[in-house]
Amino acid sequence: MYSSSYARSSTFLYLILAVLIAKASFCFSAKVYVVYMGSITDQDSDDIVKENHQILASLHSGSIEQAQASHIYSYRHGFRGFAAKLTDEQVSQVSNMPGVVSVFPNSIRKLHTTRSWDFLGLANNNEAAEVVGHSIKNQTNIIVGILDTGFWPESPSFRDTDMPPVPPGWKGQCQIGEAFNASSCNRKVIGARYYAGGYEAEKGSDEDVSYKSPRDSLGHGSHTASTAAGRYVENMNYNGLAAGGGRGGAPLARIAVYKACWKSGCYDADLLAAFDDAIRDGVHIISLSVGGESPQADYFQDAISLGSFHAARNGVLVVASAGNEGNPSSATNLAPWIVTVAASAIDRDFTSDIILGNGVNITGESLSPLGLNASTRIISAADAFSGDFTPYQSSYCLDSSLNATKTKDVVLVCRHAEKSTKSKLEKSKIVQKAGGVGMILIDETKTGIAVPFVIPSAIVANIRGEQILSYIKSTRNPVSRIFGAKTVLGTQPAPRAATFSSKGPNTLTPEILKPDISAPGLNILAAWSPVAAAGNPKFSVISGTSMACPHISGIAALVKAVHPSWSPSAIKSAIMTTATILDNHQEPIKADPDGAIANAFDYGSGFVNPTRALDPGLIYDSQPEDFVAFLCSLGYDKKSLRLVTRDNSTCDGAFKTPSDLNYPSIAVPNLKDKFSVTRVVTNVGEATSTYEVAVVPPAGVNVTVVPNRLVFTTIGQKIKFTVKFKVAAPSNGYSFGLLSWKNGKRQVNSPLAVRVAPPSFGSFR
Ligand SMILES: *[C@@H]1O[C@H](CO)[C@@H](O)[C@H](O)[C@H]1NC(C)=O
Ligand SMILES: *[C@@H]1O[C@H](CO)[C@@H](O)[C@H](O)[C@H]1NC(C)=O
Ligand SMILES: *[C@@H]1O[C@H](CO)[C@@H](O)[C@H](O)[C@H]1NC(C)=O
Ligand SMILES: *[C@@H]1O[C@H](CO)[C@@H](O)[C@H](O)[C@H]1NC(C)=O
Ligand SMILES: *[C@@H]1O[C@H](CO)[C@@H](O)[C@H](O)[C@H]1NC(C)=O
Ligand SMILES: *[C@@H]1O[C@H](CO)[C@@H](O)[C@H](O)[C@H]1NC(C)=O
């Protein structure tokens, strides 16, 4: 019998008692906390559970019943700790117990809500196709763990036709549950589990926990899993749009599903339980399209930082999304042992033509196939205000703000504000309810995200919206016709940094440049959960860094397939140093919505290039002990570090600053006069090769690299170099540059992000 049955039966027990606790909760107001206790030693995992119950009993004056009732999870495979309901007083007691590193509340995380592979240069139509010069056959031995909302087992993206038997050494399981039995897993999805303890403890059993099993009721997890490693599907489309064959990044790799996210999000207690199992089960890559709100909590208080730290120590690469907040300094999942993924637009748009009565043809965006059959009267929603609403309010098409007498059978021009509580889709429903037959939505958020409207509709930018409104004013009988959406390829330069993608600098450790890499994340087609949308679609087009993340997870699986012995850091380095910062017009990548030149805070090292990532030439490697030295350099105390690592780690000053971590990019957040950074590259290309440096210095900074030539004679050889930064001119904010090692055949790139410290007494003279 699988050993976590104890944890599950305790969870079950908890459920029965939850009702009683909920009734009594005002007396002692217990909340769910995660108690984190560092690495596991060679202790038996059942003993860990017993010890956790002893700790809990001691907090409950020896009561075993109360201890069991408060226990939610024990973490005992990848790391130690537990989740439990605790009062404030119990929190302070347990915080001071030996072995406890940190205690933090059970926060909720949000989901960071196919053409894309053609665009990335991988053959889209043949899942067995090899990449020139590399065999990727070994991907059937690579296991990608997806921590998300589960998956839809009947989706063609998850079929196991012609897949070889499950790789030996796989320790995961297929956890049966609601609408999910043993045959729901197969040789493609080789394991699936679900985690609801933390969610139910917060939400109570009333909250809709649909499918108490790994089955996905929301679509997000099916989408991310199929993007990373879905099988080739011949005719994928959404409402007839984006039609064609589609596949995941590593279509023959195995998927292991860990459902830790539910309708309103993913709780820390559940995410950590999923990490704990995934590490033990033997996944190679964890893909996590989930994150907290910025600013991110300290590394020892953040479940994703901790779970991924232990994954990295166990040789598992964690790939996570940067977030969808879009502003400077909003990137999350900032730990240097995570690959943090930003989102880009690709060269595909879903457009909807709007023809005005004066013949003007305006291109809008939509995912709706619906169109108007004839030119139809068009009015501004501001002119259709109802009752107590002002024209300003009705111009946003707020619920009940529209006068149905005026809106019947017309096309309405509505606005959409940045902070709108209604989605764009919901606005089309409001207009429909008011009797409108079409909608043009002026998008003040400018995200470029296409929407499957319920009536003929199109999104236009501000400037086009004003054009339409002035046409309406200019004539007595304004009309327009909206055409159904169509797929348009190659219209604009691509990739472009997506408006919503969260950006650097890194607010927690500015010496580590974040995000790390960019991948397609705007209007991505992949598998869906048929119960999650009207019309039961098998596929859907959605946007977010959530969609960018699994593109990188799939590519990481290919790199791992070609180079099975590489460390997580080496795989990450290969993906980062081979990325491009040029678009398909060979010009610097631009950022939506205004076309400004993008920089490393938008896309990290650049837009991913999967073919080049298989053959990076040089890598910037790091070992788990380097991450400990990194934490030491941040001032974490030795006592808690030793608990985290459970070994004789000392903070012996191996790293003087976090800049000493051998990271594949370089950020210098506060350059006063001079600063040097050392890096070590390992030769993974030809045994004999010589690289020369090329530097594009950031504005106002002089950069010297010593030595400027690296001569390798063996594979695996490591050479150290120093990058010296010197202030040349005062400057404002960050400026960006590039350091490249070139050998004629390859170019190994690292972005440079440098901020010159503001002048103070004694510096500039
Ligand atoms: C359960 O297994 C049977 C075959 O044994 C299968 O026909 C059925 O569809 C499965 N049910 C679910 C919900 O997957
Ligand atoms: C509107 O313009 C676009 C781009 O110029 C063109 O492709 C499209 O056919 C035009 N639509 C109509 C209905 O004329
Ligand atoms: C347009 O015409 C098609 C086919 O004649 C019809 O199915 C559809 O309902 C019409 N749409 C509208 C908005 O009238
Ligand atoms: C709606 O518009 C009609 C026609 O202009 C008007 O008579 C009526 O009073 C309006 N109703 C409200 C609730 O504003
Ligand atoms: C730590 O050091 C002590 C004393 O040198 C040694 O006995 C112990 O085995 C070491 N522990 C580990 C985990 O290396
Ligand atoms: C920076 O480099 C330029 C060009 O090599 C040189 O002329 C200048 O003196 C340098 N500035 C500093 C402050 O070292």
Side-chain angles (χ1 to χ4, degrees), residues 150-160 173-194 210-217 221-222 255 257 259 377 379-410 412 430-431 433-436 476 527 529-531 536 538 668 671-677 693-706 708 722-731 735 737-739 752 754-757 759 762-765:
F151 78 114
W152 191 261
E154 293 79 19
S155 167
S157 297
F158 304 122
R159 72 188 195 287
D160 69 351
Q173 67 164 22
C174 189
Q175 186 182 0
I176 63 176
E178 184 184 350
F180 197 92
N181 62 26
S183 56
S184 304
C185 298
N186 59 21
R187 289 180 175 188
K188 177 65 192 176
V189 180
I190 60 173
R193 302 172 185 259
Y194 67 99
S210 53
Y211 296 127
K212 284 205 75 172
S213 74
R215 183 178 288 273
D216 176 15
S217 64
S222 303
I255 294 171
V257 167
K259 177 175 172 181
R377 186 171 159 74
I379 66 170
S380 164
D383 295 334
F385 66 95
S386 161
D388 294 338
F389 287 89
T390 64
Y392 175 78
Q393 289 168 325
S394 68
S395 74
Y396 286 91
C397 292
L398 305 180
D399 221 349
S400 14
S401 69
L402 300 169
N403 181 336
T405 315
K406 296 174 189 159
T407 54
K408 189 168 180 341
D409 295 335
V410 304
L412 276 182
I430 292 170
V431 171
K433 205 174 85 189
R476 286 177 58 98
S529 170
V531 297
N536 304 333
K538 282 189 191 153
V668 182
L671 179 63
K672 296 174 184 151
D673 189 26
K674 289 181 198 168
F675 190 72
S676 293
V677 171
V693 82
V695 176
V696 180
V701 179
N702 279 8
V703 179
T704 324
V705 179
V706 183
N708 58 13
T722 302
V723 188
K724 298 177 176 172
F725 296 92
K726 190 168 188 333
V727 176
S731 66
S735 52
L738 187 68
L739 181 156
L752 308 173
V754 181
R755 192 180 73 104
V756 174
S763 57
F764 288 105
R765 259 173 285 171

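Computation of the quantities below employed the complete heavy-atom set of this structure, encompassing side-chain atoms and omitting hydrogens, waters and symmetry-equivalent molecules. All figures in this text were calculated on a predicted structure; none of them were measured in a lab. Just so you know, ligand 1 is whichever comes first in the structure, and atom 1 is the first atom listed for that ligand.
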Visitor: May I ask you to check whether F385 has an N/O atom sitting below 3.5 Å from an N/O atom of ligand 4?
Guide: no
Visitor: Would you give the length of the straight line joining atom OG of S157 to atom CZ of F151, rounded to the nearest 0.5 angstrom?
Guide: 11.5 Å
Visitor: Which of the atoms of ligand 1 are close to S184, meaning less than 4.0 Å from one of its heavy atoms?
Guide: 14 (O)
Visitor: As a test of the contact definition, would atom 7 (O) of ligand 6 count as having a protein heavy-atom neighbour under 4.0 Å?
Guide: no
Visitor: I want to know if ligand 1 touches N181 in the polar sense, i.e. an N/O pair below 3.5 angstrom.
Guide: yes
Visitor: If you apply the rule side-chain hydrogen bond (donor to acceptor under 3.5 Å, both in side chains), what do you find for D216 with S529, and how did you get there?
Guide: CA-CA 6 Å; D216 176 15; S529 170; 4.8 Å; no
Visitor: Show the atoms of ligand 6 that are less than 4.0 angstrom away from any heavy atom in V727.
Guide: 13 (C)
Visitor: Could you tell me, atom by atom, which parts of ligand 4 come under 4.0 Å of a heavy atom of K406?
Guide: 2 (O), 5 (O)
Visitor: Mark up the atoms of ligand 4 that fall under 4.0 Å of a heavy atom belonging to S386, in ascending order.
Guide: 13 (C), 14 (O)
Visitor: For the NZ atom on K406, are there more than 12 heavy atoms of other groups (residues, nucleotides or ligands in this structure) within a distance under 6.0 Å?
Guide: yes
Visitor: With rounding to the nearest 0.5 angstrom, report the CD to CZ distance, E178 to R215.
Guide: 9.0 Å
Visitor: When you measure from the side chain of T407 to the backbone of G435, do you find a donor-acceptor pair of N or O atoms at a distance under 3.5 Å?
Guide: no
Visitor: Are any of the side-chain nitrogens in R377 or D409 under 4.0 Å away from the carboxylate oxygens of its partner?
Guide: no
Visitor: Mark whether atom 14 (O) of ligand 1 lies under 4.0 angstrom from at least one protein heavy atom.
Guide: yes
Visitor: Got a sec: does the CD1 of I176 have more than 12 other heavy atoms crowding it under 6.0 Å?
Guide: no
Visitor: If you count the atoms of ligand 6 from 1 in the order shown, which ones are under 4.0 Å from a heavy atom of K726?
Guide: 13 (C), 14 (O)
Visitor: Tell me the nearest of V703, D673, N702, V701 to atom 12 (C) of ligand 6, using heavy-atom distances.
Guide: N702
Visitor: Return yes if a side-chain donor-acceptor contact under 3.5 Å exists between S210 and S217, otherwise no.
Guide: yes
Visitor: Could you check which of T405, N403, T407 puts a non-hydrogen atom nearest to atom 10 (C) of ligand 4?
Guide: N403
Visitor: Any idea which atoms of ligand 1 are less than 4.0 Å away from a heavy-atom of A179?
Guide: 13 (C)
Visitor: Would you mind checking which non-hydrogen protein atom is closest to atom 5 (O) of ligand 1, with the distance to 0.1 Å?
Guide: S183 OG, 4.5 Å
Visitor: Taking the six-membered ring for Trp, are Y211 and F180 closer than 6.0 Å centroid to centroid?
Guide: no
